[in-house]
*Asks:* 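Structure below; questions to follow.
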Amino acid sequence: MKQEDNYKIRNWVEDLPKKGVITFSIEEVYKLFPSISKRGTANALLRLVNKGKILSVWKGFYVVIPIEYAHKGVVPPIVYINQLMEYLQRQYYIGLLDAAAFYAAAHQRPQVFTVITGLPSVRASEKKGIKMKFITKKNIPTSLLIQKKTKSGYVLVSSPELTAFDLILYEKEIGGINRAATVLNELAEELTFRDMDISIFDNTPVAVVQRLGYLLEELDYSELADDLLHKTKAAGILFRKSPLKTGKNCEDCEYSAKWKIIINEEIEIDE
């Protein structure tokens, strides 16, 4: 590969941040520099990776490392997740503990960056200790997502209400129902069920709604719980007996008639 070709690619990459762009794909480089072979392009990009100028966060997808992250050579996924999901052509939103952190419910710091995506599924990823987990949801509820501004643009985050439902729906992903309750306790001040779009119930198991309502009452957010209950009635949702904790014995357990929840788990939250 000619030194001149390597220089061309390096200059182009280094100029991207001046245009407000910090991500690019290898396909873009192929298109912009058709005279350079694919092997030559790959070698040029590898040199930039080795010099700590760019980071390969996905096969064929790169991030120009911002100055503030140059020392560690690691870029948090929130900086580039929107661009990556556009590249992968997937609907998405930041969810669970990462979403809760946007609403000051950061008691439980996530060890893994969690993204909810549409079909088809996306494999988990780990680059330089940064772990990303992708949870597939059949339908992404776009009306329940909120745009949050970041230094590199914006990201899509689940609304407080959708976050609350997801914490219960995917409680095993975050460490169990008690951890979900702990985060819910901090998230509660951001919840407003009165004006919530009832489309949230379309892809949420009824048992999840019941568990959420029961937990809110247990956490002394009775008004919120009542608002949720009224919303379920407006949506014509019917409850059936369901355990608070799935897969656990329900024999001789107490029962919440209001939420039709078999209380087979004692809720303990971290203060």
*Asks:* Report yes or no: is the cationic atom of Lys148 (NZ for Lys, CZ for Arg) closer than 6.0 Å to the six-membered ring centre of Tyr154, at no more than 45° off its axis?
*Replies:*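 No cation-pi geometry.
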
*Asks:* Taking side chain as C-beta onward, heavy atoms only, is Arg123 less than 4.5 Å from Phe134?
*Replies:*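 A side-chain contact is absent here, since even the closest heavy-atom pair is not under 4.5 Å.
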
*Asks:* Side chains of Lys233 and Ile237: does their closest heavy-atom pair fall under 4.5 Å?
*Replies:*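 With C-beta onward as the side chain, the pair stays apart.
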
*Asks:* Is Glu186 reaching over with its side chain to a backbone N or O of Val183, donor-acceptor style, under 3.5 angstrom?
*Replies:*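 Judged by distance alone, no pair lies under 3.5 Å.
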
*Asks:* Tell me if the NZ atom of Lys248 is crowded by more than 12 foreign heavy atoms within 6.0 Å.
*Replies:*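 It does: Lys248 NZ has more than 12 such atoms within range.
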
*Asks:* Within a 6.0 Å radius of atom NZ on Lys53, are there more than 12 heavy atoms belonging to other residues, nucleotides or ligands?
*Replies:*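 No, not enclosed.
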
*Asks:* For Ile168 and Ala180, which heavy atoms make the closest approach, and how far apart are they?
*Replies:*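 Nearest heavy atoms, Ile168 then Ala180: CD1-CB, 4.2 Å.
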
*Asks:* If we only count heavy atoms from C-beta on, is the Leu229 to Lys258 side-chain gap below 4.5 Å?
*Replies:*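 Leu229 vs Lys258: side chains touch.
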
*Asks:* First locate atom CG of Asn43, then atom CG of Leu48, and finally report the distance between them rounded to the nearest 0.5 Å.
*Replies:*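 Reported to 0.5 Å precision, the distance equals 11.5 Å.
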
*Asks:* Rounded to the nearest 0.5 Å, what separation is found between the OH atom of Tyr214 and the CG atom of Leu228?
*Replies:*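 Taking OH in Tyr214 and CG in Leu228, the distance rounds to 15.0 Å.
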
*Asks:* Does Glu189, at its CD atom, have more than 12 non-hydrogen atoms belonging to other residues, nucleotides or ligands within less than 6.0 Å?
*Replies:*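 It does not: Glu189 CD has 12 such atoms or fewer within range.
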
*Asks:* Set out, in order, the CA-CA distance, both residues' side-chain angles and the distance that settles side-chain contact (heavy atoms from CB on, under 4.5 Å) for Leu84 and Trp58, then state yes or no.
*Replies:* CA-CA 8 Å; Leu84 174 60; Trp58 204 268; 3.8 Å; yes

*Asks:* Could you see if Ile146 belongs to whatever hydrophobic cluster contains Ile78? Use Ile, Leu, Val, Met, Phe, Trp, Tyr and a side-chain cutoff under 4.5 Å.
*Replies:*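 Per the 4.5 Å side-chain linkage, Ile146 and Ile78 are co-clustered.
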
*Asks:* Could you see if Leu32 belongs to whatever hydrophobic cluster contains Phe24? Use Ile, Leu, Val, Met, Phe, Trp, Tyr and a side-chain cutoff under 4.5 Å.
*Replies:*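 In one cluster with Leu32: Phe24, yes.
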
*Asks:* Measure the shortest side-chain to side-chain distance between Val206 and Phe239 over non-hydrogen atoms and say whether it is less than 4.5 angstrom.
*Replies:*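 Yes - at least one pair of side-chain heavy atoms lies under 4.5 Å apart.
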
*Asks:* Walk me through whether Phe201 and Val209 qualify under side-chain contact (heavy atoms from CB on, under 4.5 Å).
*Replies:* CA-CA 8 Å; Phe201 298 127; Val209 180; 3.9 Å; yes

*Asks:* Around atom CD of Glu126, are there more than 12 heavy atoms from other residues, nucleotides or ligands closer than 6.0 Å?
*Replies:*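 Atom CD in Glu126 is packed in, count exceeds 12.
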
*Asks:* Walk me through whether Leu212 and Leu184 qualify under side-chain contact (heavy atoms from CB on, under 4.5 Å).
*Replies:* CA-CA 9 Å; Leu212 177 58; Leu184 186 62; 3.6 Å; yes

*Asks:* Just how far is it from atom OH of Tyr170 to atom CG of Asp166, taken to the nearest 0.5 Å?
*Replies:*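 Tyr170 atom OH to Asp166 atom CG measures 5.5 Å (nearest 0.5 Å).
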
*Asks:* Would a single hydrophobic cluster contain both Val122 and Ile130, if residues Ile, Leu, Val, Met, Phe, Trp and Tyr are joined by side-chain heavy-atom contacts under 4.5 Å?
*Replies:*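 Shared cluster, no.
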
*Asks:* Do Ile135 and Thr114 make a side-chain contact, defined as non-hydrogen atoms from C-beta onward lying under 4.5 Å apart?
*Replies:*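 Side-chain contact under 4.5 Å: yes.
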
*Asks:* Taking the side chain from Asn264 and the backbone from Leu244, do they hold a donor-acceptor pair closer than 3.5 Å?
*Replies:*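 Yes: the side chain of Asn264 pairs with the backbone of Leu244.
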
*Asks:* What I'd like to find out is whether the side chain of Val155 reaches to under 4.5 Å of the side chain of Tyr93, using heavy atoms alone.
*Replies:*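 Side chain of Val155 against side chain of Tyr93, heavy atoms only: no contact under 4.5 Å found.
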
*Asks:* Go through it in stages, so that I can follow the logic: the residues are Met85 and Thr117, the test is side-chain contact (heavy atoms from CB on, under 4.5 Å), and I'd like the CA-CA distance, side-chain angles, deciding distance and then a yes or no.
*Replies:* CA-CA 9 Å; Met85 298 315 289; Thr117 69; 3.4 Å; yes

*Asks:* Got Asn82 and Tyr87 here, is their nearest side-chain heavy-atom distance under 4.5 Å?
*Replies:*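 No - every pair of side-chain heavy atoms lies 4.5 Å or more apart.
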
*Asks:* Taking atom CD as the centre, does Glu223 end up with more than 12 heavy-atom neighbours from other residues, nucleotides or ligands that are less than 6.0 angstrom away?
*Replies:*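 Counting other residues, nucleotides and ligands, CD of Glu223 stays at 12 neighbours or fewer.
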
*Asks:* Find out whether Leu162 and Leu145 are in side-chain contact, i.e. whether some heavy atom of one side chain is under 4.5 Å from a heavy atom of the other.
*Replies:*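 A side-chain contact under 4.5 Å exists here.
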
*Asks:* Strictly distance-based, threshold 3.5 Å: is any side-chain N or O of Gln210 a donor or acceptor partner for the main-chain N or O of Trp259?
*Replies:*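 Present.
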
*Asks:* Restricting to non-hydrogen atoms, name the atom on Ala99 and the atom on Ile94 that form the minimum distance, rounded to 0.1 Å.
*Replies:*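 Smallest heavy-atom distance, with atoms named: CB-O, 3.5 Å.
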
*Asks:* Determine whether a donor-acceptor pair (N or O, by modelled atom type, separation under 3.5 Å) exists between the side chain of Arg90 and the backbone of Leu88.
*Replies:*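 Yes, the answer is positive, given that a donor and an acceptor are paired below the 3.5 Å cut-off.
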
*Asks:* Within 45 degrees of the ring normal and closer than 6.0 Å to the centroid, is that where the cationic atom of Lys133 sits relative to Phe113?
*Replies:*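 No.
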
*Asks:* Within the distance-only criterion (no hydrogens, no angle test), does the side chain of Glu161 pair as donor or acceptor with the backbone N or O of Thr192 below 3.5 angstrom?
*Replies:*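 Answer holds: yes.
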
*Asks:* What verdict does the side-chain hydrogen bond (donor to acceptor under 3.5 Å, both in side chains) test give for Glu171 and Asn178, after you've listed the backbone C-alpha separation in whole Å, the side-chain angles of each residue and the deciding distance to 0.1 Å?
*Replies:* CA-CA 9 Å; Glu171 47 97 359; Asn178 279 297; over 6 Å; no

*Asks:* Do you know the tightest heavy-atom contact between Pro243 and Ile261?
*Replies:*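 Smallest interatomic distance, heavy atoms only, reads O-CD1, 4.4 Å.
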
*Asks:* Could you tell me which non-hydrogen atom of Gly213 sits nearest to which non-hydrogen atom of Ala225, and how far apart they are?
*Replies:*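 Gly213 and Ala225 have their closest heavy atoms at O-CB, 3.7 Å.
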
*Asks:* Spell out, yes or no, whether Phe165 and Ile267 are grouped together once hydrophobic residues are joined by side-chain heavy atoms under 4.5 Å, including indirect joins.
*Replies:*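 Looking at the clustering, Ile267 is in the same group as Phe165.
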
*Asks:* Roughly how far apart are Leu191 CG and Asp227 CG, rounded to 0.5 Å?
*Replies:*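 The distance works out to 10.5 Å.
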
*Asks:* Could you report the tightest heavy-atom contact between Ser158 and Thr163, atom names first, then the distance?
*Replies:*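 Between these two residues, the closest heavy atoms are OG-OG1, 2.6 Å.
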
*Asks:* What's the spacing between Leu169 CG and Ile116 CD1 if we round to 0.5 Å?
*Replies:*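 Going from CG on Leu169 over to CD1 on Ile116, the span is 8.5 Å.
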
*Asks:* Just by distance, do the side chain of Tyr80 and the backbone of Thr23 share a donor-acceptor pair under 3.5 Å?
*Replies:*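 It does not hold such a pair.
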
*Asks:* Within the side chain of Ser242, is there an N or O that forms a donor-acceptor pair under 3.5 Å with the backbone of Ala207?
*Replies:*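 No, Ser242 side chain to Ala207 backbone: no donor-acceptor pair under 3.5 Å.
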
*Asks:* Does atom CD of Glu266 have more than 12 heavy-atom neighbours from other groups under 6.0 Å away?
*Replies:*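 For Glu266, atom CD is not crowded (no more than 12 foreign heavy atoms under 6.0 Å).
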
*Asks:* Is there a donor-acceptor pair under 3.5 Å between the side chain of Lys231 and the backbone N or O of Met196?
*Replies:*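 Yes; judged by distance alone, with no hydrogens or angles, the pair exists.
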
*Asks:* Are Val115 and Leu119 in one and the same hydrophobic cluster, where Ile, Leu, Val, Met, Phe, Trp and Tyr link if side-chain heavy atoms are under 4.5 Å apart?
*Replies:*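 No, it is not one cluster - the side chains of Val115 and Leu119 are not joined through contacts under 4.5 Å.
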
*Asks:* Report, as yes or no, whether the 6.0 Å neighbourhood of atom CG on Asp202 holds more than 12 heavy atoms from other residues, nucleotides or ligands.
*Replies:*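 Counting other residues, nucleotides and ligands, CG of Asp202 exceeds 12 neighbours.
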
*Asks:* Of the non-hydrogen atoms in Ala164 and Leu187, which two are nearest, and what is the gap between them?
*Replies:*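 So the minimum-distance heavy-atom pair works out to N-CD2, 3.9 Å.
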
*Asks:* Quick one: does any side-chain atom of Arg47 pair with a main-chain N or O of Arg10 as donor and acceptor, under 3.5 Å?
*Replies:*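 Answer holds: no.
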
*Asks:* Tell me if a side-chain donor or acceptor on Ser159 pairs with a main-chain N or O of Leu144 at a distance below 3.5 Å.
*Replies:*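 Judged by distance alone, yes, a pair lies under 3.5 Å.
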
*Asks:* What distance do Arg179 atom CZ and Leu96 atom CG have between them, rounded to the nearest 0.5 Å?
*Replies:*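 These two atoms lie 10.0 Å from each other.
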
